[in-house]
Amino acid sequence: MKTLKQARIGDTVQVVKLHGEGAVKRRIMDMGITKGVSVYVRKVAPLGDPVEVTVRGYELSLRKADAEMIEVE
């Protein structure tokens, strides 16, 4: 299983599954990250937190903990 946190800068990955429960999963889905969507990894901060991605034409910053909940391929 590969997560969004493990994706490298410049990779375009596709979301396979969202892990997590309740409000956290709902918040990730509200940001536009749903199953089947393409995510482009733009930047990663020096310590890995946050990760800046492009989803559905807009830029988004995700915490490392949230990026670990997003399974990609």
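Numbers for residues simply follow the sequence, beginning at 1.
In terms of the salt bridge (Lys or Arg N to Asp or Glu O under 4.0 Å) criterion, residue partners of E52 (sequence neighbours excluded) are, by chain and number, R42. A search for side chain to side chain contact (heavy atoms under 4.5 Å, CB included) contacts involving K35 returns nothing, not counting sequence neighbours. With sequence neighbours excluded, the residues forming a side chain to side chain contact (heavy atoms under 4.5 Å, CB included) with V16 are E71, E73, listed by chain and number. With sequence neighbours excluded, the residues satisfying side chain to side chain contact (heavy atoms under 4.5 Å, CB included) with D11 are K2, A7, R8, V13. For R56, the side chain to side chain contact (heavy atoms under 4.5 Å, CB included) test picks out T34, V37, Y58, with sequence neighbours left out.
Closest approach of V55 to G32, counting heavy atoms only: CG1-O, 3.6 Å.
Distance check: M69 CE to R27 CZ gives 8.0 Å after rounding to the nearest 0.5 Å. Annotation: the span from K5 atom NZ to E68 atom CD amounts to 5.0 Å, rounded to 0.5 Å.
Every pair tested for salt bridge (charged side-chain N to carboxylate O under 4.0 Å, His left out) that includes a residue from residues 12-25 fails, sequence neighbours excluded, so the list is empty.
One hydrophobic cluster, built from ILVMFWY side chains closer than 4.5 Å, cannot hold both I28 and Y40; they sit in different ones.
Between I33 and D66, the closest side-chain pair of non-hydrogen atoms is not below 4.5 Å. Contact check for L18 versus I70: side-chain heavy atoms found under the 4.5 Å cut-off. When side chains are defined from C-beta on, D49 counts as touching R63, because their heavy atoms get closer than 4.5 Å.
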